[in-house]
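Accompanying notes for the structure given below.
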Amino acid sequence: MDMATGRELVEKVVSLCKRRGFIFPSSEIYGGLGGFWDYGPLGVELKRNLKDAWWRDMVTGHDDTTAPAGLPSPYAMVGLDTTIIMHPQVWKASGHYDLFHDLLVDCRAEGCKARFRADQLASSRCPLKPSKTPGEHDACDLTEPREFNLMFKTYIGALVDPESESYLRPETAQGIFVNFKNVLATARVRLPFGIAQIGKSFRNEITPRYFTFRSREFEQMEIEFFCRPEESDAWYTFWRDRRFAWYVALGLDSDRLRLRDHGSDELSHYSCGTADIEYAFPFLPRGEFGELEGIAHRGDFDLRSHMEGKLIRDDQGLAVELDDRGRPRHSGSGKDLSYFDEETQERFIPHVIEPSAGADRAALAFLCEAYTEDNIPDEKGVPQPRVVLRLHPRLAPVKAAVLPLIRKEGLPEAAQELYRQLKAQWNVAYDEKGSIGRRYRRQDESGTPLCVTVDRETLAAGTVTVRDRDSTTQIRVSTKELTSYLAERLGCY
RNA sequence: GCGGGUAUAGCUCAAUGGUAGAGCACCGGCCUUCCAAGCCGGUAACGCGGGUUCGAUUCCCGCUACCCGCUCCA
């Protein structure tokens with residue numbers, strides 16, 4: 001696909017999202033707000049289905065009695081729902097505070113426009129005159145150091161003062177780490193086990209862009225998987241492959257999806273392995289992929305940080321960062337977060353594998369992947385263009401539509417009766433407005449997998465037609481068997 | 001943060017210094033027995049704030065949002 005059609009596709013997807021009520025700009029009647037997006041009536045169903053599928057597949061549907069193929073043991077999986085605002089020290093110990101707070105200096109000089117870290121001016125080079133540091137060259141026009149804050153700051157309590165400063169979480173993961181002991185003490189889990197969480201996170205992205213891809217408020221689906229250090233590489237590989245397969249199983253199966261292992265130069269200072277699941281979003285430049293999920297082998301970095309304090313890498317590996325007086329720059333909780341294995345009588349700090357997914361990015365990828373234009377023959381056999389969202393039935397906002405063929409002869413009443421029946425199990429729609437072809441197309445644009453049409457034969461013989469979204473083929477099904485037929489076609493969802 | 005572009009109805013577009021039309025969509029009606037039919041009627045817009053002007057959707061300035069290219073991307 002070249003750039004032009006990529007952009008066309010984006011415009012069509014964005015337009016469809018607005019037209020059908022998937023995604024709206026936040027606060028739109030006030031002019032919108034950059035980096036924030038709302039989900040409309042169909043969008044909220046899509047996103048909920050996505051999160052439900054993740055939760056079902058990762059947590060409640062997990063079999064913790066069977067070892068995955070090739071792995072040393074079964075594992076347990078539990079969920080958690082922690083707060084968006086946490087103790088400010090969490091972010092200092094985790095490293096986010098330092099990482100997300102830079103004092104930056106911009107050069108306003110024409111032809112320069114460079115940005116420097118205020119604490120590194122002396123070791124930086126002026127782009128216009130590399131023999132000098134920023135500010136030394138005559139043309140330099142530096143701003144005062146300005147705080148560059150990637151975390152949203154807020155105040156706890158009604159009184160605004162520095163003592164009450166806190167932050168909206170930039171990731172959900174820390175809520176899991178700080179509850180590690182609680183889960184261990186109460187959930188009857190032993191290593192290896194995972195803790196899953198879905199929730200909102202907030203980052204002051206420098207450049208919100210690409211529709212919902214880089215938003216300032218977004219939702220994450222994260223797992224922190226705790227295991228014995230010597231088994232961590234095997235579990236890392238397991239999670240990397242399993243998470244990739246999850247997207248494929250839900251329909252992200254084109255060559256736009258890829259799994260990419262990070263090179264050693266890309267790894268964070270604590271990570272011994274990271275892979276990204278990436279999608280070639282149509283709005284990205286040709287050949288570029290955007291991250292849907294990162295699977296990181298984080299070693300014992302996180303639990304150690306919350307025990308000892310903020311860690312940095314030194315010659316021996318990770319060490320607590322010290323201040324001028326030799327004290328921890330940011331102290332940890334001081335609590336013991338190690339694990340005691342009763343069988344082996346060993347005490348150690350578990351290693352962590354972190355599959356961290358963006359729910360909004362996944363929703364967007366599924367929308368882009370599902371958007372299809374094809375041609376359907378009309379009654380004269382002439383191909384007519386159609387827009388269809390080929391969403392996986394589990395993700396589709398509406399599972400089926402019940403349609404009376406005409407608005408007469410008792411067909412609406414019969415269709416409504418059927419609609420009420422199916423409602424008990426699925427999110428189904430009822431529509432009697434317009435011609436039958438028009439209504440099929442409407443459902444196609446919303447991604448509804450099946451349409452159930454009530455006609456005279458329904459009244460006479462107790463059968464309906466079920467029309468397939470992707471192939472547009474129809475078969476007759478007895479109303480008695482309709483529920484089980486739909487269950488089979490929809491995968492019980 | 002820098003530069004460029006764009007902003008008119010739900011969507012896609014048009015016209016205009018004298019407050020705006022169309023197609024599609026949507027709603028009501030007629031018709032209609034399976035893939036965007038037709039007919040009648042209807043709802044609905046100049047992103048926000050200033051300025052110039054008798055009068056601004058139109059010209060100018062600022063803001064906001066989106067798009068493109070940089071910068072940034074833990």
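Each chain gets a letter, A, B and so on, in the order its sequence line appears, and its residues count up from 1.
- For the pair A:Arg209 CZ and B:rU71 C1', the interatomic distance rounds to 10 Å; values are reported in whole Å.
- Among the protein residues, A:Ser15 comes within range of the sugar-phosphate backbone only, with heavy atoms under 4.0 Å from sugar or phosphate atoms but none that close to a base.
- When rounded to the nearest whole Å, the span between CD of A:Glu28 and P of B:rG10 equals 9 Å.
- Using a 3.5 Å distance cut-off with no hydrogens or angles, the side chains of A:Tyr39 and A:Glu45 do not pair a donor with an acceptor.
- Computed from coordinates, the A:Phe213 CZ to B:rC67 C1' distance equals 17 Å when rounded to whole Å.
- The nearest whole Å value for the distance from the CD atom in A:Glu11 to the C1' atom in B:rU6 is 11 Å.
- At a threshold of 4.0 Å, the pair A:Glu445-A:Arg19 counts as salt-bridged, since one of the basic side-chain nitrogens sits closer than that to a carboxylate oxygen.
- A:Arg386 has its CZ atom 12 Å from the C1' atom of B:rA36, to the nearest Å.
- B:rU19 and B:rG4: their C1' atoms are spaced 32 Å apart (whole Å).
- Judged by distance alone, with hydrogens and angles left aside, A:Asp455 brings a side-chain donor or acceptor within reach of the base of B:rC34, the pair sitting under 3.5 Å.
- The side chain of A:Ile406 has B:rU32 as its nearest neighbour among B:rU32, B:rC34, B:rC35.
- Of the candidates A:Asn375, A:Asp374, A:Thr372, A:Arg386 forms a side-chain hydrogen bond (donor to acceptor under 3.5 Å, both in side chains) with just one, namely A:Asp374.
- Checking B:rC35, B:rU12, B:rC34 against every side-chain atom of A:Thr465, the shortest atom distance belongs to B:rC34.
- Rounded to whole Å, atom C1' of B:rG28 lies 13 Å from atom CD of A:Glu432.
- Between A:Lys200 and A:Glu219 no salt bridge is recorded (no basic side-chain N to carboxylate O distance below 4.0 Å).
- Nucleic acid contact class of A:Tyr210 (heavy atoms, under 4.0 Å, all strands): sugar-phosphate only.
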Could you write out RNA chain B as dot-bracket? Rules: Watson-Crick or G-U wobble, both distances under 3.5 Å, brackets [ ] for crossings, | for pairs with another strand, dot for unpaired. (((((((..((((....[..)))).(((((.......)))))....(((((..]....))))))))))))....
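- Between B:rC72, B:rC34, B:rC35, one nucleotide has an atom nearer to the side chain of A:Thr207 than all others, and that is B:rC72.
- Spacing between B:rA44 and B:rU12 at atom C1', rounded to whole Å, works out to 15 Å.
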Give me the distances for all protein-to-nucleotides 24-27 of chain B N/O pairs that come in under 3.5 Å?
residue : atom : partner  : partner atom : Å
B:rA25  : OP1  : A:Arg438 : NE           : 3.4
B:rA25  : OP1  : A:Arg438 : NH2          : 2.3
B:rC26  : OP1  : A:Arg442 : NE           : 2.4
B:rC26  : OP1  : A:Arg442 : NH2          : 2.9

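- The side chain of A:Gln474 approaches B:rC35 more closely than any other nucleotide in the set B:rC68, B:rC35, B:rC11.
- With hydrogens and angles ignored, a donor-acceptor pair closer than 3.5 Å exists between the side chain of A:Tyr440 and the base of B:rC34.
- Annotation: side chain to side chain donor-acceptor pair (under 3.5 Å) contacts of A:His87 (sequence neighbours excluded): none.
- Here A:Ser435 reaches the OP1 or OP2 of B:rA37: one of its side-chain N or O atoms lies under 4.0 Å away.
- Here B:rC66 presents its P atom at 13 Å from CZ of A:Arg214, a figure rounded to the nearest Å.
- A:Phe281 and A:Phe283 have parallel rings, their planes meeting at less than 30° on a 0 to 90° scale where 60° marks the start of perpendicular.
- A salt bridge is absent between A:Glu278 and A:Arg256; no separation between the charged side-chain nitrogens and carboxylate oxygens falls under 4.0 Å.
- Contact check on A:Arg390 versus A:Glu369 returns no salt bridge, with no Lys/Arg side-chain nitrogen under 4.0 Å from an Asp/Glu carboxylate oxygen.
- Base engagement by A:Pro385 is indicated by at least one non-hydrogen atom pair under 4.0 Å involving a base atom.
- Using a cut-off of 4.0 Å between Lys/Arg side-chain N and Asp/Glu carboxylate O, A:Glu165 and A:Lys153 are scored as salt-bridged.
- Taking atom P in both B:rC27 and B:rU43, the straight-line distance is 15 Å, to the nearest Å.
- Between A:Arg489 and A:Asp468, at least one side-chain N (NZ, or NE/NH1/NH2) sits under 4.0 Å from a carboxylate O, which counts as a salt bridge.
- Nucleotide B:rC46 holds its C1' atom 18 Å from the CD1 atom of A:Ile29, rounded to whole Å.
- Close to B:rC11, at under 4.0 Å from its OP1 or OP2, lies a side-chain N or O of A:Lys18.
- In this structure, the side chains of A:Asp276 and A:Glu293 stay at 4.5 Å or more apart for every pair of heavy atoms.
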